[in-house]
Amino acid sequence: MAPHPVMQAIIDLSAGACGGIACVLSGQPFDTAKVKMQTFPGLYRGFVHCFVSVYKQVGLRGLYQGTTPALIANIAENAVLFMSYGFCQNVVRFVSGLDQGTDLSDVQKACSGSVASIFSSLALCPTELVKCRLQAMHEMEAFGKIASGQKSTVWSVVRNVLRTNGPLGFYQGLTTTIVREIPGYFCFFGGYEFSRSMFAQHMGRDKEHIGVVPLMFSGGFGGACLWLVVYPIDCVKSRIQVLSLAGKQEGFLKTLMGILRNEGVAPLYSGLTPTMIRTFPANGALFLAYEVSRKIMMQQFEQ
């Protein structure tokens, strides 16, 4: 028996939250390196240099700066994303004239994920702004963009945003986040479903029973597709959210054109290496946790 739509939404939300926790715990150091390299591309020669420099400056904890808001961000984002993903699949079925419960094609699922990302952006933007600022606080002080000796805690950053810009200050970079998420999650869910379909076809079984390793690889493949397409947009978003700590920052287009005019194309891809290394374990863990927890909860209604 299929669960009630409200219960289905709660299941999707809970499974998405489990996926978000797994994603952060498996990939936070790589995300920290990504944000630092995006915001200050001339400071680090590469991924390894960034890791070593951070470790020498503040120790291992420096690689886990922003873990608390990252957990909040990923739990919120993935909970809303996967809940909206289930709802958007039903909308796609309705628009396509399909019965409820009918399996969608990989492209239709990709479209569902793309639309769902609009809702998840609203949950993600405030917490990601806090995370990015925490991750780049040391460099902001070193370059004299903010006064030295500032506290680098979640609550100090939150208070600073509220005092300087008010509640709407948490949504600096929202437009860029949405611009990133819509094509990104089309590729994310499209790549994930396509990879699962290929494994299922090769193994001669349905997509729900391809096993743990193919499932995690499919999650990583979806994440790789996302980042390869949207990475320059994410770089602009990180610049806006971090540098706005020193004062009002230009919007997406002006920031993008400023980077291209003053620094060239290469800085838009600074930090891509740790991102691509991170994407397979982090997104593999995300989808594994999501699929397993969702299956366990769904089984409670099938008994």
Side-chain angles (χ1 to χ4, degrees), residues 1-5 7-27 71 73-90 92-93 100-117 119-120 123-124 181 184-227 278-303:
M1 182 179 69
H4 186 275
M7 187 55 64
Q8 181 66 68
I10 293 173
I11 289 172
D12 289 336
L13 187 144
S14 301
C18 291
I21 293 170
C23 182
V24 171
L25 294 180
S26 59
L71 274 170
N74 274 270
I75 291 171
E77 178 193 21
N78 286 291
V80 174
L81 176 68
F82 283 101
M83 182 181 69
S84 303
Y85 181 51
F87 172 75
C88 290
Q89 285 187 11
N90 289 330
V92 169
R93 290 188 183 96
Q100 294 297 311
T102 304
D103 283 339
L104 298 178
S105 68
D106 293 345
V107 173
Q108 287 172 323
K109 287 184 177 180
C111 291
S112 301
S114 184
V115 176
S117 71
F119 301 100
S120 67
L124 172 66
E181 301 288 80
Y185 277 98
F186 179 90
C187 299
F188 185 61
F189 283 102
Y192 172 66
E193 296 294 346
F194 173 77
S195 180
R196 284 210 305 163
S197 295
M198 291 298 100
F199 275 115
Q201 183 178 335
H202 178 74
M203 300 167 72
R205 59 182 68 172
D206 65 68
K207 291 164 65 173
E208 304 302 320
H209 299 92
I210 59 175
V212 171
V213 174
L215 176 63
M216 293 188 71
F217 178 87
S218 297
F221 181 74
C225 291
L226 180 153
W227 286 114
R278 167 184 176 268
T279 193
F280 276 88
N283 288 295
L286 185 156
F287 273 108
L288 178 64
Y290 167 74
E291 296 285 2
V292 170
S293 60
R294 186 176 187 275
K295 186 177 294 184
I296 291 172
M297 287 184 279
M298 290 291 288
Q299 285 174 349
Q300 304 305 309
F301 293 90
E302 295 174 357
Q303 296 176 352

Least distance between heavy atoms, [X] atom then [Y] atom:
| X | Y | result |
| --- | --- | --- |
| Cys88 | Ala116 | SG-N, 3.8 Å |
| Ala282 | Ser26 | CA-OG, 3.2 Å |
| Met298 | Ile11 | SD-CD1, 4.0 Å |
| Ser112 | Val92 | OG-CG2, 3.3 Å |
| Ala22 | Ala285 | CB-O, 3.6 Å |

Sidechain-backbone polar pair: Ser117 side chain, Ser114 backbone, donor-acceptor under 3.5 Å: yes
Could you grab the distance from atom [atom1] of [X] to atom [atom2] of [Y], nearest 0.5 Å is fine?
| X | Y | atom1 | atom2 | result |
| --- | --- | --- | --- | --- |
| Asp12 | Ser293 | CG | OG | 9.5 Å |
| Ser84 | Asn78 | OG | CG | 11.0 Å |
| Phe188 | Glu193 | CZ | CD | 10.5 Å |
| Phe87 | Gln8 | CZ | CD | 13.0 Å |
| Tyr290 | Ser14 | OH | OG | 11.0 Å |
| Arg196 | Phe217 | CZ | CZ | 14.5 Å |

Acceptor/donor pairs from residues 219-227 side chains to any protein atom, 3.5 angstrom cut, sequence neighbours excluded:
none

Distance flag, aromatic centroids of Phe189 and Tyr192, threshold under 6.0 Å: no
Where do Asp106 and Lys207 land on the salt bridge (Lys or Arg N to Asp or Glu O under 4.0 Å) test, with the steps shown first? CA-CA 11 Å; Asp106 293 345; Lys207 291 164 65 173; 3.2 Å; yes
A side-chain contact here means heavy atoms from C-beta on lying under 4.5 Å apart; do Phe199 and Ser218 qualify? yes
Could you check if a side-chain atom of Leu81 sits within less than 4.5 angstrom of a side-chain atom of Glu181, using non-hydrogen atoms only? no
Evaluation steps, side chain to side chain contact (heavy atoms under 4.5 Å, CB included), between Ile21 and Ile75: CA-CA 6 Å; Ile21 293 170; Ile75 291 171; 3.5 Å; yes
Please walk me through it: do Asn90 and Arg93 pass side chain to side chain contact (heavy atoms under 4.5 Å, CB included)? CA-CA 5 Å; Asn90 289 330; Arg93 290 188 183 96; 2.9 Å; yes
Given side chain to side chain contact (heavy atoms under 4.5 Å, CB included), test Arg278 with Cys23 step by step and report yes or no. CA-CA 9 Å; Arg278 167 184 176 268; Cys23 182; 4.0 Å; yes
Run the salt bridge (Lys or Arg N to Asp or Glu O under 4.0 Å) test on Arg294 and Glu291 for me, step by step, so that the C-alpha distance in whole Å, both residues' side-chain angles and the decisive distance to 0.1 Å come before the verdict. CA-CA 5 Å; Arg294 186 176 187 275; Glu291 296 285 2; 5.6 Å; no
